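Below is one structure, written out as C-alpha cells, with a few remarks after it.
One-based numbering along the sequence shown. Treat the numbers as computed from the prediction; the structure is a model and nothing was measured.
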Amino acid sequence: MADTETTPLQPKRKGLTRRQKRSISRGIQYAVFVAAVIAFGVTADWGRLQNQFAQVDIAERMFPEVITLALKNTVLYTVTGFGVGLALGMVIALMRLSSVGPYRWLAGVYIEIFRGLPALLIFIFIGVAVPLAFPGTEIIGGTYGKVALALGLVAAAYMAETIRAGIQAVPKGQMEAARSLGFSPGRAMVSIIIPQAFRIILPPLTNELVLLFKDSSLVLFLGVTLEERELSKYGRDLASQTANSTPILVAGLCYLLITIPLGFVVRRMEAKAQEAVK
C-alpha cells in the first residue's frame, strides 16, 4: 500500500457569538444616540431657544388661569366626550354582533365612516353642518355639548371595535353557563359577558382617553369664548399677544401632566392583564 500524506488539521476560525454581535450592535446604537445628543447640544442656539420658549415672566403670568380655566376645560371636554363615545360605542358594538342584518350593516357603515374621516371634519360638521341642516336647533350644553358630541362620534367608532373584540374574547362557555342557569341572552350579556369583556379592554380604552385628551384641541374650530378655551387655544392666544412661544410650551407641559400619568396607568394595567393570563 502506498503511503498517504497526512495533513495537519487546520484549527477552525471561531466567529463572533450571537451574544457578542448583540453587544456590538447595542454599543453602536448607544454611540449613535450619544453622538446625536452631543451634536444637538453643540449646534443648537440655546440663547434664542430660551428667548422664544422659556421666558419665565410670561410663564408666571399664565398661572393660575392656565390650570383653573384651560386645563379644567380640556379635562371636561375629554371626560364628557369619552362618556358619549363609550355609551355610543357600546350600542354600536352590540349592533355589530347582532343577528339582525340591518343592524350589523348600519354599525359597519358607521365604523368605517367615522374611523376614516379626520376628527377635524367631524368638528366642522357639528359646528357648521348641523345648524344649517336644523335651523334653530341648539345642542344641549352649548359649546361643551358640541365638543362632547364631536369627540364622542369619533371615539365611538374605535371603542365599538374594541368592545366587540373584548366581547368575542370572552369564552363562549360563559354564555352557555349563564343560559344553563336560567339567564336570558340579554341578561347574560349585561351581567356576565360585558363585565368580563371590560376587564380585557380596559387598557385600550384608557389609550383612547389619552387620544381624546389631545383631540380636544380641535374645539377652536367650533368658535369658543374666552371662558371656553382649552389648553391649545389658550396657549396660542397668549403666544399671539406676547409674540413669544412660551405659552405654547407651558400648554404642552400641562398636557403632559395628564397624559404621562395616564400612560403609566395603561402600562400597569397591561402588565397586570398579562400576569393574569399567565
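No side-chain donor-acceptor contact under 3.5 Å links Thr246 to the backbone of Ala59. Under a 3.5 Å cut-off, the side chain of Tyr77 and the backbone N or O of Asp215 do not form any donor-acceptor pair. In this structure, Ser98 contributes its side chain and Leu94 its backbone to no donor-acceptor pair below 3.5 Å. Judged by distance alone, the side chain of Ser191 and the main-chain N or O of Ala188 form no donor-acceptor pair under 3.5 Å. Of the possible polar contacts, none joining the Glu208 side chain to the Pro204 backbone as a donor-acceptor pair under 3.5 Å is found. Counting only distance, with no hydrogens or angles, the side chain of Thr74 and the backbone of Leu231 share a donor-acceptor pair below 3.5 Å.
Taken to the nearest 0.5 Å, the CG atom of Leu209 stands 10.5 Å off from the OG1 atom of Thr259. Interatomic distance, Leu212 CG to Thr78 OG1, rounded to the nearest 0.5 Å: 6.5 Å. Once rounded to the nearest 0.5 Å, the distance linking OH of Tyr144 with CG of Leu76 reads 6.0 Å. Expressed to the nearest 0.5 Å, how far CG of Leu257 lies from CG of Leu71 amounts to 7.0 Å. To the nearest 0.5 Å, the span separating CD1 on Ile200 from OG1 on Thr162 amounts to 12.0 Å. The distance from atom CE of Met62 to atom CG of Leu69, rounded to the nearest 0.5 Å, is 10.5 Å.
Side-chain atoms of Ile192 and Met175, non-hydrogen and from C-beta on, never get closer than 4.5 Å to each other. Side-chain contact between Val34 and Ile38: present, with at least one pair of heavy atoms (C-beta onward) separated by less than 4.5 Å. Leu151 has its side chain out of reach of Val84: every pair of non-hydrogen atoms, C-beta onward, lies at least 4.5 Å apart. Contact of the Ile139 side chain with the Ile126 side chain is registered, since non-hydrogen atoms from C-beta on lie closer than 4.5 Å. Contact of the Ile194 side chain with the Met90 side chain is registered, since non-hydrogen atoms from C-beta on lie closer than 4.5 Å. Between Phe213 and Val75, some side-chain heavy-atom pair lies under the 4.5 Å cut-off. No side-chain heavy atom of Phe114 sits less than 4.5 Å from a side-chain heavy atom of Leu88.
Surrounding OH of Tyr103 are at most 12 heavy atoms belonging to other residues, nucleotides or ligands under 6.0 Å away. Within a 6.0 Å radius of CD1 in Ile140, other residues, nucleotides and ligands contribute 12 heavy atoms or fewer.
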Phe221 and Val128: side-chain contact (heavy atoms from CB on, under 4.5 Å), yes or no, with the steps? CA-CA 10 Å; Phe221 291 98; Val128 178; over 6 Å; no
Intermediate values then yes/no, side-chain hydrogen bond (donor to acceptor under 3.5 Å, both in side chains), Gln29 and Ser25: CA-CA 6 Å; Gln29 293 176 44; Ser25 175; 3.2 Å; yes
Please evaluate residues Met159 and Phe82 with respect to the criterion side-chain contact (heavy atoms from CB on, under 4.5 Å), reporting the C-alpha separation (whole Å), side-chain torsions for both, the decisive distance (0.1 Å), and the verdict. CA-CA 10 Å; Met159 290 186 184; Phe82 184 81; 3.2 Å; yes
Would you check, one step at a time, whether the test side-chain contact (heavy atoms from CB on, under 4.5 Å) holds for Ile163 with Arg96? CA-CA 10 Å; Ile163 294 171; Arg96 187 82 160 153; over 6 Å; no
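Remark: Leu222 pairs with Phe123, Lys146, Val147, Val219 by the side-chain contact (heavy atoms from CB on, under 4.5 Å) rule, at least two apart or across chains. With sequence neighbours left out, the side chain to side chain donor-acceptor pair (under 3.5 Å) criterion links Tyr234 to Glu65.
The two residues Ala197 and Val170 make their nearest non-hydrogen contact at N-CG2, 3.8 Å. Between Ile122 and Ala150, the shortest heavy-atom contact is CG2-O, 3.9 Å. In plain terms, the two heavy atoms of Gln52 and Asn244 that are nearest each other are O-OD1, 2.8 Å. Contact record, Glu227 with Asn73: O-ND2, 3.0 Å, taken as the closest heavy-atom pair. Closest heavy-atom contact between Pro247 and Ala239: CG-N, 3.8 Å. The nearest pair of heavy atoms linking Glu161 to Ile111 is OE1-CD1, 3.3 Å.
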Going by atom type alone, with no hydrogens or angles, which donor-acceptor pairs under 3.5 Å involve a side-chain atom of residues 248-255 and a protein atom two or more places apart or on another chain?
unit_1 : atom_1 : unit_2 : atom_2 : d
Tyr255 : OH     : Glu230 : OE1    : 3.2
Tyr255 : OH     : Ser232 : OG     : 2.8

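The pair Glu228-Lys233 does not meet the salt-bridge criterion, since no charged nitrogen lies less than 4.0 angstrom from a carboxylate oxygen.
Remark: aromatic rings of Trp46 and Phe53 are distant, center separation not under 6.0 Å.
Cluster annotation: Val154 and Leu106 are assigned to the same hydrophobic cluster (Ile/Leu/Val/Met/Phe/Trp/Tyr, side-chain heavy-atom contacts under 4.5 Å, transitive). If you chain together hydrophobic residues whose side chains sit under 4.5 Å apart, Leu49 and Ile58 never meet in one group.
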